[in-house]
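Every heavy atom of this structure was used, including side-chain atoms; hydrogens, water molecules and symmetry mates were not.
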Amino acid sequence: MERSAALLLVLALVKISCCCLDPPAAYRFTGAVCRLTYPAAAVLNEKTTEVIQAAFQHAKYPSVEGQRSIGFGTVKYGFHNLEIHNLSIGKSEFELKENEGIGISISNVSAAFKGTINYGYGSWLLDLKQSVDFEVESQIDLVINPKLYCGKGKVAADTSDCYLTFHKLKLLLQGDREPGWLKRMFTDIVTFTVKLVVKSQICKEINNVANILADFIQEQAEQFLSDGDIGVDISVTSSPIIKSNYIESYHKGLVIYNNTKSELTTSIFNPSQLTENRMLYFWFSDGLLDPLMAAVHHDGRFIRNISGTELMDLFQTELSSARPELLNKWLSSEGPMLIARSVSVPHLWTTTEGTSVRTVAGVELLLNSQDMPTLYFETDVTVVANASYAEKKLILKANAERISITNISTSEGPTEMEENLRSYLQEAVEKMGIPKVISYLEPELTALMDEQGLNLFDVINPEVLPQDGYVIVRLDFGFPQHLLVEFLKRTLN
């Protein structure tokens, strides 16, 4: 009994800890992987200055009060309403530091900080209280060394290793560029305070913006992989790893349907399965794709009604088998409609030949909106499909690997022509049914991906590479300006 309790405790701890494991230990719980190579990071770095600019603009600069003894009296001062103006940023450089983090250097940050000084000077001889607006012109270099880690199941960023170097700090009081006694008195106080406040708040805001960005990217990915009641849990299984040539993150890839979640404990991922010659890589396990196919089936999406001209055109397809007279009779009747649906949970697996799907489909032919079908049969089908993406459209090529026809029933009852009908239907499924299903899937899946925003990306020469037990998608891309705009809107609001 004690051993059973201990085993349950160990299993529970494994279940909990598998959210954030060391990368090698996390591989078996990983259903999806993203590898971003150095060239991709260079493209994204082109807009780093805009993100840093958002951090400067979004930072809240607190009021500061203090006092200093001068001569025979004390100066009390307060800095209020500090704001940033005329911000410009020079260039950004980055480095991927293996097993450490990312080095980012931002040079030539030029900004004016404006605010109000309330001050008072008190002594036995004089009591002075005054308020004056001030402006500090600055020239700053910024160095950030972000570390990526696993936080609450998501990729999180730690940018506490943050340094600001001030190359210029020039104090202007009420626009007066000539030095005076007040300016000389406050120069040291103001410049010291501005340095302290700006460094503290900018580094704090950069950390905030970095984590908003990390959450934003993961949210976009989750939305892209979700539709209706179907979603994918892409929580990370480990902290991302950083090599000199790429950043790689590991995700659970568990399918969520009606608040139930699939399981994955036998992933075969290994970093050697991915290369570094393209900008972006996605790795998907069969342990993700197979439950996803099952969820689509349970959601009732694999069903299609065909009637009218579309049905007549479908049966114009030339086959080597002669169409049985009984079928001709039904098709020439009033209002024939064909309904096809999956009646068993599809099973998916991947090899180097392509992605194989096996399912049993039920097909019924109804006449003039009858409740009972004139013809019903089931077909056990296995197809091997290969996918590609070009000109913002999904392209599917599918070949039948196995087809069998079962459970034939007709309104006429058993007939001598049943075997001829079976032979005809088997060829019809291969040469009419499967191409028809593909003709539906291509535009509908393309529309679904467009709805999730894929068409807004500049996707360059994408490749879909089926392997044994997983699929690799690799591509190059242009900078996703629409995402930056959306992110900046969210951040600045």
Where does the angle between the aromatic ring planes of F487 and F216 fall among parallel (under 30°), tilted (30 to 60°) and perpendicular (over 60°)? tilted
For the pair [X] and [Y], find out whether any cationic side-chain nitrogen is under 4.0 Å from an anionic carboxylate oxygen.
X	Y	value
R341	E364	yes
E463	R278	yes
E444	R301	no
E222	K154	no

Whether over 12 other heavy atoms sit under 6.0 Å from [X] [atom1]:
X	atom1	result
K392	NZ	yes
E98	CD	yes
N277	CG	yes

[X]-[Y] side chain donor-acceptor pair, cut-off 3.5 Å:
X	Y	answer
D158	Y149	no
Q218	D215	no
T237	T30	yes
Y38	S244	no

Full working for side-chain contact (heavy atoms from CB on, under 4.5 Å) between N270 and Q273: CA-CA 6 Å; N270 189 289; Q273 294 163 352; 4.1 Å; yes
In Å, rounded to the nearest 0.5 Å, how long is the span from [atom1] of [X] to [atom2] of [Y]?
X	Y	atom1	atom2	value
F479	L484	CZ	CG	4.5 Å
Q467	D286	CD	CG	11.0 Å
L292	L348	CG	CG	9.0 Å
K243	R35	NZ	CZ	9.5 Å

Side-chain (N386) to main-chain (E353) donor-acceptor, under 3.5 angstrom: yes
In the structure I gave you, are the side-chain heavy atoms of C162 and L142 within less than 4.5 Å of one another anywhere? yes
Is there a side-chain contact between L96 and I102, using heavy atoms and a 4.5 Å cut-off? yes
For Y281 and T275, what are the C-alpha separation, side-chain angles and deciding distance, and is it a side-chain hydrogen bond (donor to acceptor under 3.5 Å, both in side chains)? CA-CA 8 Å; Y281 292 78; T275 57; 2.7 Å; yes
Ring centres under 6.0 angstrom apart (F269, Y250): yes
Here's a test for you: under side chain to side chain contact (heavy atoms under 4.5 Å, CB included), which of L365, D313, I339, L311 qualifies with I306? L311
Show your working on side-chain contact (heavy atoms from CB on, under 4.5 Å) between L274 and I472 and close with a plain yes or no. CA-CA 8 Å; L274 300 178; I472 295 171; 3.8 Å; yes
Check step by step if side-chain contact (heavy atoms from CB on, under 4.5 Å) holds for M293 and T359. CA-CA 10 Å; M293 183 73 71; T359 190; over 6 Å; no
